[in-house]
Engineer: 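Handing you a structure now.
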Amino acid sequence: MPESTPKAEKKSYKDTLNLPRTSFAMKANLIQNEPASLRRWDQMDLYRRLREQRRGAPRYVFHDGPPYANGSIHLGHLLNKVLKDLVVRSRTMMGFDCPYIPGWDCHGLPIEHKVVQELGDKARSMHALQIRQRCQADAEKFVKLQRQQMQRLLTLADYENPYLTMDPAYEAAVLEVFADLLSKGLVYRAKKPVHWSIANRTALAEAELEYYDREDHSIYVLFEAADPPAVFERFSVSPPASGAKPYFMIWTTTPWTLPANLAIAVHEGFDYSLVRFAGDRFAVVASELTEKVMRQAGVSDWEKLGPPLPGARLLELTYRHPFVQSPQHPFRVLPAPYVTLEDGTGLVHTAPGHGVEDYQTGQKHHLPTYCPVQEDGTFDHTAPQWLQGVEVWKANDLVIDRLRSSGHLFHDHKFTHSYPHDWRSKTPVIFRATEQWFIGVDRPFTLPGGTTSAGATSGGSGGDQPTTLRQLALRVTEHDVQFFPAWGRNRMRGMLESRPDWCISRQRAWGLPIPAFYTAQGDTLLTPASVRAVADATRHHGSDYWFKATPQELLATYDAVRDPDIPDALGQKIEAHGLQSAGLHKSTDIFDVWWESGTSWFAVIHQRRQAPDNGQTDLYLEGSDQHRGWFQSSLLPALGYMGRSPFRAVLTHGFMVDKDGRKMSKSLGNTLEVEALLKEFGADVCRWWVNSLNTDNDIKADLEFFRLAGEEYRKVRNTIRFLLSNLYDFDPRPRSAGGYRHEFTAADAATLDAWALAELAQLVRETRSDYEHFRFRKLHEAVFNFCNHTLSAVYLAAIKDRLYCDPAGSPRRRRTQTALYQITDALLRLIAPILPHTADEAWQSLHGASPRDMARCVHLELFPQPVEVPTDPDWPAVIRDYRDSALQQIELVRTGQGIDNPLDCGLRVVIDSTNAYLRRFDPIDLSDLCGISWVKLEPPPPEPPEALKTSGRDRYEVVDLRSEPRCERSWKRDGTVKSRRDGGLLCHRCAQALGLT
RNA sequence: GGGCUCGUAGCUCAGUUGGUCAGAGCGCACCGCUGAUAACGGUGAGGUCGGAAGUUCGAAUCUUCCCGGGCCCA
């Protein structure tokens with residue numbers, strides 16, 4: 001079947017065009033191609049090559065916070081690691097030497113708990129070393145898994161040499177810092193209540209508790225006021241003639257803790273009433289609970305006396321303990337924020353040795369952490385005689401009987417509630433104060449003056465003025481640390497102001513032992529020198545050595561005789577009879593894992609000499625939960641050690657929530673699996689998504705958002721593809737070197753290409769600055785808009801005609817290609833940190849390199865500098881005002897007159913004073929910007945000028961060109977189209993291009 | 001319960017010190033192109049700025065309270 005002639009002719013011209021071509025595929029195929037990129041970078045040893053390249057360059061010290069080596073990485077890791085990678089890659093491309101040493105937190109309860117649970121009953125008969133071995137294997141397994149997953153995210157880090165908190169060298173470093181703080185008097189030992197298993201005589205962690213129902217006593221106890229007139233007086237009630245005394249009524253479900261009662265806590269804001277009941281008895285109870293309490297006790301004869309009193313007015317009233325006779329100090333009423341009106345009486349029995357909240361109240365008001373209960377659950381000799389040697393569970397009844405017979409028991413009933421039990425023995429646990437190690441945040445200490453703290457904090461913390469960790473921390477938070485976002489400072493300050501002393505000891509196996517030794521005589525050996533000796537041993541043998549070696553072996557490099565800090569008696573004994581004579585036994589405590597990760601600035605940055613001169617890092621970047629976590633646990637040891645913050649800046653991000661703003665959790669089933677996301681979208685798309693986020697606050701994540709990111713990615717990819725595809729015949733070298741590069745001068749200022757390059761320079765300026773200030777979202781938007789609007793919609797659409805139809809080597813086409821090349825080159829560098837795979841793939845295509853060409857890699861390049869090209873200052877007005885107005889008018893006319901193709905339109909622009917600037921521009925540029933065949937600029941008709949000025953639209957006159965001949969090559973109807981000698985209908989330009997003129 | 005923080009078009013977000021700040025992108029609707037084509041372009045419709053009260057000549061923007069999220073504590 002014969003083809004129609006015109007169609008055949010049209011086809012023939014297609015071959016005469018410079019149509020785009022490229023090897024850069026439209027379809028990214030990230031799932032297959034990203035792993036290939038990973039292998040390529042691995043082969044070229046990209047990370048090390050960059051270190052080489054940046055040797056001697058200014059350092060930017062980023063310090064990676066160690067994730068816990070447990071389980072697969074989740075969305076939070078994806079966010080965190082990609083942000084870190086964006087920082088490190090961008091600083092590197094700014095020219096900094098910016099290493100990225102990834103780390104893992106390896107010790108700690110979650111791993112130990114899992115291991116012990118898997119072992120079941122076997123665990124009980126195993127030595128700590130055996131448990132530790134399994135824990136280590138577990139940690140190693142997950143370090144390996146997570147490392148591989150993080151690499152799959154295309155993050156570029158020193159994965160060959162990560163830091164692990166279980167490495168012997170790391171452990172030794174942790175001990176070094178501990179020794180230093182010890183030398184400054186910041187470490188102390190004191191009692192603190194912990195969950196205690198009587199059956200196993202051990203402290204338990206939260207995760208080792210199981211909650212079962214248990215029947216307990218619920219008792220209401222009357223504590224007699226020590227100063228009855230004061231109570232009546234505060235309630236504005238006259239004391240009764242009978243001389244009856246007022247009582248404070250408390251409620252408890254643990255009668256056995258009453259011997260350790262040291263205070264009563266009230267809420268300052270609640271109302272309290274003085275209640276008369278049972279004829280002539282008086283008790284203080286929270287107003288709101290009075291009726292409930294009386295009803296529960298079956299008391300109907302009662303009344304509130306006087307007006308209610310806020311708790312604040314009860315403070316410092318004193319009382320007599322029902323059966324503890326001679327207190328060192330008076331029993332007082334104290335304020336506590338945790339008092340509620342849910343249960344009880346609104347007055348809370350406070351025993352600092354038997355409850356965490358009680359303990360905190362005790363700390364605040366300088367009460368001793370009194371705990372008369374021994375390891376075996378029996379009362380010691382400090383308890384009333386009738387309780388001594390009695391187990392707490394038996395003591396309950398004794399206490400209740402005692403209270404009843406002395407008239408202090410208001411009411412008693414049994415009830416069932418959920419109560420924590422030891423998950424191994426299944427017996428109920430108690431709160432019991434035990435000896436723990438603390439870092440004192442309010443202990444005055446002196447930093448060595450001179451060099452160590454020179455230039456440290458602006459507040460003048462150096463020198464010999466005593467200060468405290470809390471004061472120092474607040475000072476550097478205020479003055480020395482930059483916070484992104486800025487409110488991080490307030491958050492940090494608030495947390496520092498209210499934080500208690502840091503309990504750094506744990507009673508577990510999987511961790512770094514606290515290197516203390518005890519003697520049967522009650523001496524403790526824990527001095528800077530002894531700790532450093534253990535650090536030496538640990539460095540060589542690892543922390544397992546603590547569990548294998550004797551005290552003598554652990555202290556092999558310790559010279560007790562020369563240790564000024566050793567307790568006198570112990571020192572004398574050792575001096576006389578040697579270390580062995582001291583009868584040392586090893587502590588069974590380990591460090592809180594936060595202490596380990598909190599000294600990473602020393603173990604990683606200092607010891608590996610990562611930071612120049614003063615040892616400060618430039619940035620910590622973590623979730624906002626770390627204001628209390630790692631940022632603080634790093635800040636405090638660093639302040640103690642060197643008197644300055646370990647970081648100059650802190651960048652935090654929010655947490656992942658689902659599309660409805662709810663937190664993500666496995667139990668809610670609203671999580672997304674990182675592995676699945678990578679499999680479906682690829683890392684570049686995931687990274688593009690991260691880069692699009694406002695990370696200051698909560699981050700909504702949903703599969704749909706990843707799809708959208710995929711759409712955006714494809715759009716950008718296509719723009720890049722179009723850029724590349726129009727450079728296939730372009731040699732970027734200067735003409736002098738045989739290339740095609742156009743040198744832009746002032747003569748080009750009014751060209752479209754000059755405008756595009758000016759836009760590029762602006763993008764480069766903004767983007768560089770945004771990278772510098774971590775404004776990733778803003779940068780993302782700028783890049784996206786540049787690709788979509790500036791390039792795809794405006795510039796690339798406009799230059800298509802000249803790229804395709806002009807003679808390949810025409811100056812105009814080469815000029816445009818020069819601009820295209822510069823744009824592509826700069827754009828790929830700018831997006832390289834975001835899309836490492838895609839940018840590199842495109843980079844190879846731009847340079848006609850194969851993936852095996854290890855020298856051609858965008859990640860070895862620097863960010864572009866903004867290149868200023870002379871540009872007409874009215875270009876923005878052309879794009880914004882002229883183009884938009886013209887397109888609107890064209891659209892209006894086309895729909896009104898049924899003109900489908902914009903090329904079937906011409907445009908007369910009547911120039912008046914407001915758009916006079918248009919005269920400076922090439923009419924062909926002006927028409928190409930609108931996709932029409934021609935633009936004619938005309939002066940306004942002589943009359944009536946007023947009418948034209950009042951109607952903006954009248955300035956644009958769209959002309960229907962459908963009756964005019966159409967160039968069969970360029971499809972334009974520009975008025976020059978006529979039959980040429982090859983028989984085709986061509987415009988002048990196309991005829992020239994084909995040599996037909 | 002406390003500290004910090006967030007709540008602006010269907011979605012994701014911009015909106016310095018209160019007065020053209022009611023915007024962008026996506027999505028959507030309609031249209032075009034078919035020489036970026038499992039692409040590209042154009043036009044357009046969407047919001048009483050979580051709710052209430054207050055300060056002010058004037059508030060998305062300041063104050064108070066309330067509702068609903070998040071992190072960290074308790």
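Letters A, B, ... are given to chains in the order of the sequence lines, protein chains preceding strands, and every chain is numbered from 1.
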Engineer: C4(B), OP1 or OP2 - any side-chain N/O from Arg628(A) closer than 4.0 Å?
Structural biologist: no

Engineer: Provide the distance between the two P atoms, one in U34(B) and one in A38(B), to the nearest whole Å.
Structural biologist: 16 Å

Engineer: Between the base of C13(B) and the side chain of Arg777(A), is there a donor-acceptor distance below 3.5 Å?
Structural biologist: no

Engineer: Using the six-membered base ring of G35(B), report whether Trp971(A) stacks on it, requiring centroids under 5.5 Å and planes under 30° apart.
Structural biologist: yes

Engineer: Distance between the C1' atoms of G70(B) and G32(B), in whole angstroms?
Structural biologist: 46 Å

Engineer: Determine: side-chain N/O of Lys715(A) to OP1/OP2 of C40(B), distance under 4.0 Å, yes or no.
Structural biologist: yes

Engineer: Could you pull out all residues at least two apart from His349(A) that satisfy ring pair (Phe, Tyr, Trp, His ring centres under 6.0 Å)?
Structural biologist: none

Engineer: May I ask you to decide whether Asp925(A) forms a salt bridge with Arg802(A), counting only side-chain N to carboxylate O separations under 4.0 Å?
Structural biologist: yes

Engineer: Does OP1 or OP2 of G41(B) have a side-chain N or O of Ser792(A) closer than 4.0 Å?
Structural biologist: yes

Engineer: Can you tell me whether the base of G46(B) sits syn or anti, using the 90° cut around 0 to define syn?
Structural biologist: syn

Engineer: Measuring to OP1 and OP2 of U37(B), would you say a side-chain N or O of Arg721(A) lies under 4.0 angstrom away?
Structural biologist: yes

Engineer: For G42(B), does either OP1 or OP2 sit under 4.0 Å from a side-chain N or O belonging to Gln888(A)?
Structural biologist: no

Engineer: Can you give me the closest heavy-atom contact between Ala819(A) and Asp753(A), atom names plus distance?
Structural biologist: CB-CB, 4.0 Å

Engineer: Using the P atom as the reference point in each nucleotide, state the distance between C6(B) and C62(B) in Å, no decimals.
Structural biologist: 10 Å

Engineer: So what does Asn785(A) touch, heavy atoms closer than 4.0 Å: a base, only the sugar-phosphate, or nothing?
Structural biologist: sugar-phosphate

Engineer: Mark yes or no for a side-chain to base donor-acceptor pair under 3.5 Å between Thr22(A) and A36(B), with no hydrogen or angle criteria applied.
Structural biologist: no

Engineer: Please measure how far the C1' atom in A60(B) lies from the corresponding atom in A9(B), and state the result in whole Å.
Structural biologist: 13 Å

Engineer: Using the P atom as the reference point in each nucleotide, state the distance between G69(B) and A29(B) in Å, no decimals.
Structural biologist: 33 Å

Engineer: Establish, with yes or no, whether the OP1 or OP2 oxygen of A36(B) is under 4.0 angstrom from a side-chain nitrogen or oxygen of Lys800(A).
Structural biologist: yes

Engineer: For Glu288(A), is the CD atom crowded, meaning more than 12 foreign heavy atoms sit under 6.0 Å from it?
Structural biologist: no

Engineer: If you take atom types as modelled and just measure distance, does the side chain of Asp698(A) reach the base of G69(B) with a donor-acceptor pair under 3.5 Å?
Structural biologist: yes

Engineer: With a cut-off of less than 4.0 Å, is there a side-chain N or O of Asn694(A) near OP1 or OP2 of A14(B)?
Structural biologist: yes

Engineer: Heavy atoms only: give me the nearest Leu830(A)-Ile834(A) pair and the separation to one decimal.
Structural biologist: O-CD1, 4.5 Å

Engineer: Would you tell me if any nitrogen or oxygen in the side chain of Lys659(A) comes within less than 4.0 Å of OP1 or OP2 on C11(B)?
Structural biologist: no

Engineer: Strictly below 4.0 Å, N to O, side chains only: are Asp658(A) and Lys700(A) in salt-bridge contact?
Structural biologist: no

Engineer: Take atom C1' in G19(B) and the same atom in U55(B), then report the distance between them in whole Å.
Structural biologist: 16 Å

Engineer: Please give the distance between the P atoms of A39(B) and C4(B) as a whole number of Å.
Structural biologist: 49 Å

Engineer: Using atom P in both nucleotides, what's the gap between G50(B) and G7(B) to the nearest angstrom?
Structural biologist: 8 Å

